[in-house]
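Notes for the one structure printed next.
As the structure is a computational prediction, the values presented were derived from the model and not from experiment. In what follows, chains carry the letters A, B, and so on, assigned in the order in which the sequence lines appear, proteins first and then strands, with residues in each chain numbered from 1.
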Number of protein chains: 2
Amino acid sequence: MSIIRKTKTVKLLLKEFNKSNEAISVIELIDKFNKKMDKTTVYRILDRLEDSRILHSFVDQDGLKRYAKGASNTDFNNEPEIHPHFLCEDCGTSSCLPVTIQIPDIPNYTIKSAEHLLIGRCKDCVS
Amino acid sequence: MSIIRKTKTVKLLLKEFNKSNEAISVIELIDKFNKKMDKTTVYRILDRLEDSRILHSFVDQDGLKRYAKGASNTDFNNEPEIHPHFLCEDCGTSSCLPVTIQIPDIPNYTIKSAEHLLIGRCKDCVS
DNA sequence: TTTCCTACTGCAATTAAGTTGCATTAAACA
DNA sequence: TGTTTAATGCAACTTAATTGCAGTAGGAAA
Ligand SMILES: [Zn+2]
Ligand SMILES: [Zn+2]
Ligand SMILES: [Zn+2]
Ligand SMILES: [Zn+2]
């Protein structure tokens with residue numbers, strides 16, 4: 001958990017995440033802020049924000065890293081929890097889902113964490 | 001679903017998958033067969049085997065593609081199903097898990113498919 | 001306010017996974 | 001055995017992510 005300086009670039013990224021609860025891919029952020037900061041800076045700030053548990057990340061189906069608000073193993077009320085992530089196959093938007101997924105006991109395996117990626121249509125894309 | 005010729009390289013890869021039920025990363029395969037075939041060939045054969053539903057794939061935590069025996073949306077008895085994948089954080093081995101994970105109904109979202117990656121320790125690595 | 005420390009940034013170069021184009025090779029089948 | 005065309009190898013390329021380093025700017029302390 002590193003100390004984070006409130007630099008202009010950090011503020012810009014935090015503002016972006018505070019706009020909505022969506023999970024944003026690094027690529028989108030690099031593209032969006034290509035006039036404001038270098039891609040290296042984007043990667044490094046996201047890294048630090050995740051270390052500080054201000055953001056959490058997951059890897060989507062295409063192998064791209066996505067970030068969203070909050071710590072990974074707490075829910076929206078800060079209770080420990082693993083939550084699934086949703087990805088709309090139509091519009092590409094992604095978000096954390098405030099539901100709990102039950103993992104059955106599996107003999108011979110000790111499960112410590114899990115990544116759940118649900119793919120489908122968001123409410124704006126159901127045709 | 002393309003027709004697949006039984007070339008030497010295809011046979012080599014199939015033999016590897018028939019050795020065990022593990023999910024193997026493309027990188028491992030490229031490395032293992034670097035004397036026997038080009039990496040392009042590995043990628044293309046895996047592609048075809050997945051098209052033909054002989055293998056299925058998923059993306060692991062590091063964004064690396066992994067392949068395992070069987071079609072993705074059928075279980076070991078060929079019944080339609082989504083199964084989770086396991087990754088041992090200790091030895092790095094990965095496998096399909098023959099259990100069913102229940103996805104709760106989520107208002108405003110239509111879920112079509114899911115990827116479940118469970119991380120922990122396999123039976124050989126519990127200390 | 002000014003000074004100082006060092007976290008942070010930008011840039012260029014590099015790594016690594018995966019893809020593409022094309023000439024050549026070898027399965028498969030009549 | 002010859003013909004067809006799927007499949008291969010190789011080189012070049014694309015894209016996401018990382019690294020090294022010199023220079024910049026937070027922010028604490030004087
Ligand atoms: Zn949508
Ligand atoms: Zn989340
Ligand atoms: Zn293990
Ligand atoms: Zn599987």
Between [N] and [X], counting only base atoms on the nucleotide and side-chain atoms on the residue, is there a donor-acceptor pair under 3.5 Å?
| X | N | value |
| --- | --- | --- |
| B:K39 | C:dG18 | yes |
| B:R5 | D:dA6 | yes |
| A:R44 | C:dG10 | yes |

Which whole-number value in Å describes the distance from [X] [atom1] to [N] [atom2]?
| X | N | atom1 | atom2 | value |
| --- | --- | --- | --- | --- |
| B:I27 | C:dG18 | CD1 | C1' | 8 Å |
| B:L49 | D:dA6 | CG | P | 17 Å |
| A:N34 | C:dT9 | CG | P | 17 Å |
| B:K36 | D:dT8 | NZ | P | 15 Å |
| A:L12 | C:dC8 | CG | P | 16 Å |
| A:Y67 | D:dA17 | OH | C1' | 10 Å |
| A:R48 | D:dG26 | CZ | C1' | 11 Å |
| A:K6 | D:dA28 | NZ | P | 11 Å |

Parallel, tilted or perpendicular for A:H83 and A:H56, by the 30°/60° rule? perpendicular
Taking only the side-chain nitrogens and oxygens of B:T7, find out if one of them lies under 4.0 Å from OP1 or OP2 of D:dA6. no
Taking atom CG of B:L13 and atom CG of B:N18, what is their separation to the nearest 0.5 Å? 11.0 Å
Say you draw a straight line from NE2 of B:H116 to CD1 of A:I103; how long is it, rounded to the nearest 0.5 Å? 9.5 Å
Minimum-distance nucleotide to [X] side chain [options: [options]]:
| X | options | result |
| --- | --- | --- |
| A:T40 | D:dT8, C:dA12, C:dT9 | C:dA12 |
| B:M37 | C:dG18, D:dG9, C:dC8 | D:dG9 |
| B:Y43 | D:dA16, C:dT19, D:dG26 | C:dT19 |
| A:K65 | D:dA7, C:dT9, D:dA17 | D:dA17 |

Under 3.5 Å, is there a donor-acceptor pair between the side chain of B:S94 and the main chain of B:F86? yes
Quick one: does any side-chain atom of B:R66 pair with a main-chain N or O of B:A23 as donor and acceptor, under 3.5 Å? yes
Regarding A:L64, tell me which of base, sugar-phosphate or nothing describes its non-hydrogen contacts under 4.0 Å with the strands shown. sugar-phosphate
